[in-house]
*Asks:* 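Below you will find the structure I want to go over with you.
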Amino acid sequence: MKYQLRTEILINASPGKVWSVLTDFEKYPEWNPFIKFVKGNPIAGEKISVRLEPPDEKGMTISPKVLKVDYNREFRWKGQLFIPGLFDGEHIFELKDNVNGTTTFIHRENFSGILIGFFKKMLEGNTKKGFEMMNEKLKEISEK
C-alpha cells in the first residue's frame, strides 16, 4: 500500500533564508513543534537521528538515511518501522523559489508498507497537523 501526506505554505523569505532555518538542527528544540530534534549531518548516504512528535501522540525517534540534499531546494530522508516494507516513510522538504522574494515550502511524506491501513487515520489527523504546525513556525521564524 502507498499513501502521500502533503502540505505547503507560502513564506515571505528567500529560499536561502528558509533553508538556513530548516537545516539549523541545533535550534529545532527552540521552535519546531513536530520534529523535536535532528542529530547528524545532512549528507546523502548518512544516517541521522530524528525525534518526531505529532500533536497528542507519544512520538518516536527514528534513524533514517539521508537520500538527498540539494541546497536551498530539497532535503529528504527515508526511514522504516523495524524492517523495510512494514511501514516506510520518505520525508521530503522542498523549497520552490517563486522569484519574487518568496518561497513555497512543500512538506510531504511518501508512505508505503503493509501497515499503511493501520496508521492512515493517525497520518491524516495528528501527523498532518504536526506538518502544518511545523510549516507555520518555519514561516514565522524565516520571516523575521
*Asks:* Is any side-chain heavy atom of Leu86 closer than 4.5 Å to one of Gln80?
*Replies:*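 No, side chains not in contact.
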*Asks:* Distance check, rounded to the nearest 0.5 Å: Lys78 atom NZ versus Glu90 atom CD?
*Replies:*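 Interatomic distance, Lys78 NZ to Glu90 CD, rounded to 0.5 Å: 6.0 Å.
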*Asks:* Establish, from distance only, whether the side-chain atoms of Glu46 and Asn41 form a donor-acceptor pair under 3.5 Å.
*Replies:*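 No, no side-chain donor-acceptor pair sits under 3.5 Å.
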*Asks:* Side chains of Trp19 and Phe93: closer than 4.5 Å at any heavy-atom pair?
*Replies:*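 Sidechains of Phe93 and Trp19: no contact.
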*Asks:* Can you get from Phe131 to Phe25 by hopping between Ile, Leu, Val, Met, Phe, Trp and Tyr side chains that sit under 4.5 Å apart?
*Replies:*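 Looking at the clustering, Phe25 is in the same group as Phe131.
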*Asks:* Determine, stepwise, if the pair Glu140 / Lys137 fulfils salt bridge (charged side-chain N to carboxylate O under 4.0 Å, His left out).
*Replies:* CA-CA 5 Å; Glu140 179 185 317; Lys137 289 301 280 183; 3.3 Å; yes
*Asks:* Would the distance check show the side chain of Lys17 and the main-chain N or O of Lys144 forming a donor-acceptor pair, the cut-off being under 3.5 Å?
*Replies:*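 Looks like yes, one N/O pair under 3.5 Å.
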*Asks:* Within the 3.5 Å criterion, strictly below it, is a donor on Glu143 or Asn12 matched to an acceptor on the partner's side chain?
*Replies:*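 Yes, Asn12 and Glu143 have a side-chain donor paired with an acceptor closer than 3.5 Å.
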*Asks:* Is the backbone N or O of Val21 less than 3.5 Å from a side-chain atom of Asp24, with the two atoms forming a donor-acceptor pair by type?
*Replies:*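 No; zero donor-acceptor contacts below 3.5 Å.
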*Asks:* Any chain of hydrophobic side-chain contacts (each under 4.5 Å) joining Ile9 to Ile141?
*Replies:*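 Same hydrophobic cluster.
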*Asks:* Applying side chain to side chain contact (heavy atoms under 4.5 Å, CB included) between Ile11 and each of Leu138, Thr102, Asn135, Thr104, report the one that passes.
*Replies:*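 Of all the options given, the one that passes is Leu138.
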*Asks:* Test of understanding: clusters of I, L, V, M, F, W, Y form through side-chain heavy atoms closer than 4.5 Å, transitively. Do Ile116 and Ile62 belong to the same one?
*Replies:*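 Yes; Ile62 is reachable from Ile116 via cluster members.
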*Asks:* Out of curiosity, Leu123 CG to Glu109 CD, how far, rounded to the nearest 0.5 Å?
*Replies:*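 Separation between the atoms: 8.0 Å.
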*Asks:* In terms of hydrophobic clusters joined by side-chain contacts under 4.5 Å, are Leu81 and Phe34 together?
*Replies:*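 Same cluster: Leu81 reaches Phe34 through Ile, Leu, Val, Met, Phe, Trp or Tyr contacts under 4.5 Å.
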*Asks:* Are more than 12 heavy atoms, taken from residues, nucleotides or ligands other than Lys36, located less than 6.0 Å from that residue's NZ atom?
*Replies:*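 Count over threshold, so yes.
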*Asks:* Compare every heavy atom of Trp31 with every heavy atom of Met134, then report the nearest pair and how far apart it is.
*Replies:*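 Minimum heavy-atom separation between Met134 and Trp31: O-CZ3, 3.9 Å.
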*Asks:* Once you round to the nearest 0.5 Å, how far does OG1 of Thr103 lie from NZ of Lys139?
*Replies:*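 Between atom OG1 of Thr103 and atom NZ of Lys139 there are 10.0 Å.
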*Asks:* For Phe111 and Gly89, which heavy atoms make the closest approach, and how far apart are they?
*Replies:*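 Taking Phe111 first and Gly89 second, the nearest heavy atoms are CD2-CA, 4.2 Å.
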*Asks:* Quick one: does Asn110's side chain have a donor or acceptor within less than 3.5 Å of a partner on Gln4's backbone?
*Replies:*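 No, Asn110 side chain to Gln4 backbone: no donor-acceptor pair under 3.5 Å.
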*Asks:* Do the side chains of Ile43 and Tyr28 join up, straight or via other hydrophobic residues, at under 4.5 Å, putting them in one cluster?
*Replies:*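 No, it is not one cluster - the side chains of Ile43 and Tyr28 are not joined through contacts under 4.5 Å.
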*Asks:* Does any non-hydrogen side-chain atom of Leu52 lie less than 4.5 Å from one of Phe37?
*Replies:*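 Heavy-atom side-chain distance check fails, nothing below 4.5 Å.
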*Asks:* If the plane angle is over 60° it's perpendicular, under 30° parallel, otherwise tilted; pick one for Phe87 and Phe119.
*Replies:*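 Rings of Phe87 and Phe119: tilted, as their planes differ by 30° to 60°.
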*Asks:* Side-chain contact, heavy-atom cut-off 4.5 Å: Glu124 with Tyr3?
*Replies:*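 Yes, side chains in contact.
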*Asks:* Answer yes or no: is there a side-chain heavy-atom contact under 4.5 Å between Leu10 and Asn98?
*Replies:*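 The answer is yes, as the side chains (C-beta and beyond) meet within the 4.5 Å cut-off.
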*Asks:* If you look at every heavy atom in Gly59 and Pro54, which pair is closest and at what distance?
*Replies:*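 So the minimum-distance heavy-atom pair works out to CA-CD, 4.2 Å.
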*Asks:* Any heavy-atom pair between the side chains of Phe75 and Val69 that's under 4.5 Å?
*Replies:*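 A side-chain contact exists here, since the closest heavy-atom pair is under 4.5 Å.
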*Asks:* Out of curiosity, Met1 CE to Ile114 CD1, how far, rounded to the nearest 0.5 Å?
*Replies:*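 If we round to the nearest 0.5 Å, Met1:CE and Ile114:CD1 are 11.0 Å apart.
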*Asks:* Would you mind reporting whether Leu22 and Phe105 have side-chain heavy atoms less than 4.5 Å apart?
*Replies:*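 Contact flag for Phe105/Leu22 side chains = yes.
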*Asks:* Looking at CD of Glu74 and CG of Leu67, how far apart are the two atoms once the value is rounded to the nearest 0.5 Å?
*Replies:*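 Answer rounded to 0.5 Å: 9.5 Å.
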*Asks:* Can you see which heavy atom on Leu95 is nearest to which on Pro15, and at what distance?
*Replies:*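 Nearest pair, atom of Leu95 first, then Pro15: CD2-O, 3.4 Å.
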*Asks:* To check you understand the geometry: which heavy-atom pair defines the closest contact between Asp88 and Ile83, and what is its length?
*Replies:*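 Looks like OD1-O, 4.0 Å.
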*Asks:* Does any non-hydrogen side-chain atom of Arg108 lie less than 4.5 Å from one of Arg76?
*Replies:*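 Arg76 vs Arg108: side chains touch.
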*Asks:* Find the distance between OG (Ser20) and CG (Asn72) and round it off to the nearest 0.5 Å.
*Replies:*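 One gets 8.5 Å once the value is rounded to the nearest 0.5 Å.
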*Asks:* Just to verify, which of His91, Lys128, Arg6, Glu94 counts as forming a side chain to side chain donor-acceptor pair (under 3.5 Å) with His107?
*Replies:*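 The single option meeting the side chain to side chain donor-acceptor pair (under 3.5 Å) with His107 is His91.
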*Asks:* Could you tell me which non-hydrogen atom of Glu26 sits nearest to which non-hydrogen atom of Pro29, and how far apart they are?
*Replies:*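 Residues Glu26 and Pro29, closest heavy atoms: O-CD, 3.4 Å.
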*Asks:* For the NZ atom on Lys120, are there more than 12 heavy atoms of other groups (residues, nucleotides or ligands in this structure) within a distance under 6.0 Å?
*Replies:*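 Atom NZ in Lys120 is not packed in, count stays at 12 or less.
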*Asks:* Please check if the number of heavy atoms outside Met60 that lie under 6.0 Å from its CE is greater than 12.
*Replies:*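 It does not: Met60 CE has 12 such atoms or fewer within range.
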*Asks:* Looking at Arg73, is its backbone amide N or carbonyl O close enough to the side chain of Asp70 to form a donor-acceptor pair, meaning the two atoms are under 3.5 Å apart?
*Replies:*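 A pair under 3.5 Å: no.
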